[in-house]
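Remarks on the structure that follows.
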2 protein chains.
Amino acid sequence: MDKRSLIINSALKLFVEHGFHGTATSKIAQDAGVANGTLFQYFKTKEELVISLYIHFKDELSEYISKNTSENADIKKALKTQVLSSLIWALDNTTKFRFIQQVHTSPYITQVDQDVLKNQVEPHLFLIQKGIKEGILKPLPVDLIYALISSQIFGLYQYLTSQKLSKTKQNETIETTFEMLWNMLA
Amino acid sequence: MDKRSLIINSALKLFVEHGFHGTATSKIAQDAGVANGTLFQYFKTKEELVISLYIHFKDELSEYISKNTSENADIKKALKTQVLSSLIWALDNTTKFRFIQQVHTSPYITQVDQDVLKNQVEPHLFLIQKGIKEGILKPLPVDLIYALISSQIFGLYQYLTSQKLSKTKQNETIETTFEMLWNMLA
DNA sequence: TACATTTGTGACTGATTAGTCAATCACAAT
DNA sequence: ATTGTGATTGACTAATCAGTCACAAATGTA
């Protein structure tokens, strides 16, 4: 494992555990088993580290979703796959997901390049747009529908992580709530 | 205005602007126009300040909601009032709402007394429980329905603050999405 | 007025921080 | 063997931090 990855892993863990404020760069380096100065060779500043991590993990999530989404499925099926993929990834990568949330509600988010953020949501907006055009989804603003879907995922994630449900019961809940979401939007 | 309130206002503003990490206690005192030491008379530590603010503003929101909710309205009307109140408060107090979100996704949240948090959601859970018992809401776990409602509010807030809509258009969107939410849950 | 209590002050400190840099290392090319 | 190169190191520093404390001002009380 290369040093860059070691630093990323340690930073992720410590940031989520103690927050940005509570995590010294020296502690990250120590946890990663590299020298203090090495961290600053890969990331010019602590701020750059935080922002790089955010983009890194959001990309990872995006890639996971699109990897599982087939292009020529019907809208409902495609959207379902995207929602389920997001939830599965989030539940399998709670630390990364928490980190994304943490940055998302922090002032750091303003430092993230707007174009990068835009490119990440683009594919999802496209599917919604298609759904509206075909009259399958309600004729509402695309951004609004996207916001409602995202927040549903977020809310369900919150619920599922706060309860100790079996995998079966978990999947059941995910299925049920997706149908509810779909009925709300279609 | 007493010094405690001055400190609270300045802390709120600076925390949201620069994060917990980026805000020195001395800067808060300076902004509030009080001496360094005065801050520590009202809040023993910086951590206590953050947590006190969180509880303070969540209480403010809770009080605003219950102030507007009449007890003997039907379930739908009561829930609608609660959702709309939340949104109105959030849109009128964006800084406070951002702060609440910020703490909520940060490691600080684990330091907040669990009983305090429980008491704050209790009243809302009660209404949902009643709705399920009367067969008006779907027979799902109370916590799940609460999570879905909360996240809908959160998502709609995100959307409304990212768009520059007129007050009329805003209210229209809120009305529409509440009906959608209700149809999803009932 | 005199005294007591509460409230406020800001200079101070020991600890910690992000970031630097001269030195060292592993190793490939000559 | 020798030289060159880029990655790695960790001791170091200037700055900043949260929190303290001895004292002063304000307020209350009689």
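Just so we're on the same page: letters track the sequence lines, and every chain starts at 1.
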| note | Side-chain atoms of A/Ala24 come closest, of D/dC17, C/dG8, C/dA18, to C/dA18
| request: Please state whether the rings of A/Phe20 and A/Phe15 are parallel, tilted or perpendicular, taking 30° and 60° as the class boundaries. | output: perpendicular
| message | Membership question, hydrophobic clusters at under 4.5 Å side-chain separation (ILVMFWY): are B/Ile149 and B/Trp89 in the same one? | response | yes
| said: Is the distance between the ring centroids of A/Phe154 and B/Phe154 under 6.0 Å? | reply: yes
| request: Check whether A/Leu6 and A/Ile28 end up in the same hydrophobic cluster, where Ile, Leu, Val, Met, Phe, Trp and Tyr are linked by side-chain heavy atoms less than 4.5 Å apart. | output: no
| message | If the threshold is 4.0 Å, N to carboxylate O, is there a salt bridge linking A/Lys167 and A/Glu172? | response | no
| Going only through I, L, V, M, F, W and Y residues with side-chain contacts under 4.5 Å, is there a path from A/Phe43 to A/Ile109? | yes
| task | Take atom CZ of A/Arg4 and atom P of D/dT8, then tell me their distance rounded to the nearest Å. | result | 12 Å
| Residue A/Phe40, side-chain heavy atoms: nucleotide from D/dT9, D/dC17, C/dA18 that is nearest | C/dA18
| Members of residues 44-56 of chain B that approach DNA chain D, where some heavy atom sits under 4.0 Å away | B/Thr45, B/Lys46
| task | Round to a whole Å and report the spacing from CZ of B/Phe43 to C1' of C/dG8. | result | 15 Å
| query | Given atom CD of B/Gln30 and atom P of D/dA18, what is their separation to the nearest angstrom? | reply | 13 Å
| request: Whole angstrom is fine here: how far is it from CG in A/Leu39 over to C1' in C/dC21? | output: 16 Å
| task | Mind checking A/Tyr42 for me? I need base, sugar-phosphate or nothing, with any heavy atom below 4.0 Å counting as a touch. | result | sugar-phosphate
| said: Taking side-chain hydrogen bond (donor to acceptor under 3.5 Å, both in side chains) as the definition, give me every residue that meets it alongside B/Asn183, ordered by chain and number, with sequence neighbours left out. | reply: none
| request: May I ask you to list the residues of residues 105-112 of chain B, by number, that have any heavy atom positioned under 4.0 Å from an atom of DNA chain C? | output: none
| B/Lys76 and B/Glu179: salt bridge (Lys or Arg N to Asp or Glu O under 4.0 Å), yes or no, with the steps? | CA-CA 10 Å; B/Lys76 184 179 176 182; B/Glu179 287 304 321; 3.1 Å; yes
| note | So side chain to side chain donor-acceptor pair (under 3.5 Å) across residues 8-22 of chain B, not counting sequence neighbours, yields A/Tyr108-B/His21, B/Ser10-B/Asp31, B/Lys13-B/Asp31
| task | For the side chain of B/Gln41, starting at C-beta, report the closest nucleotide among C/dG8, D/dA18, C/dT20. | result | C/dG8
| said: Would you say A/Lys3 places a side-chain N or O within less than 4.0 Å of OP1 or OP2 belonging to D/dT9? | reply: yes
| request: Report, as yes or no, whether the 6.0 Å neighbourhood of atom NZ on A/Lys138 holds more than 12 heavy atoms from other residues, nucleotides or ligands. | output: yes
| Taking CD1 from A/Ile7 and P from D/dT8, how many angstroms apart are they, rounded to a whole number? | 8 Å
Nucleotide N/O to protein N/O under 3.5 Å, stretch nucleotides 11-14 of chain D:
none

| field | Qualifying side chain to side chain donor-acceptor pair (under 3.5 Å) pairs with a residue from residues 122-137 of chain B, counting only residues at least two apart or across chains | value | none
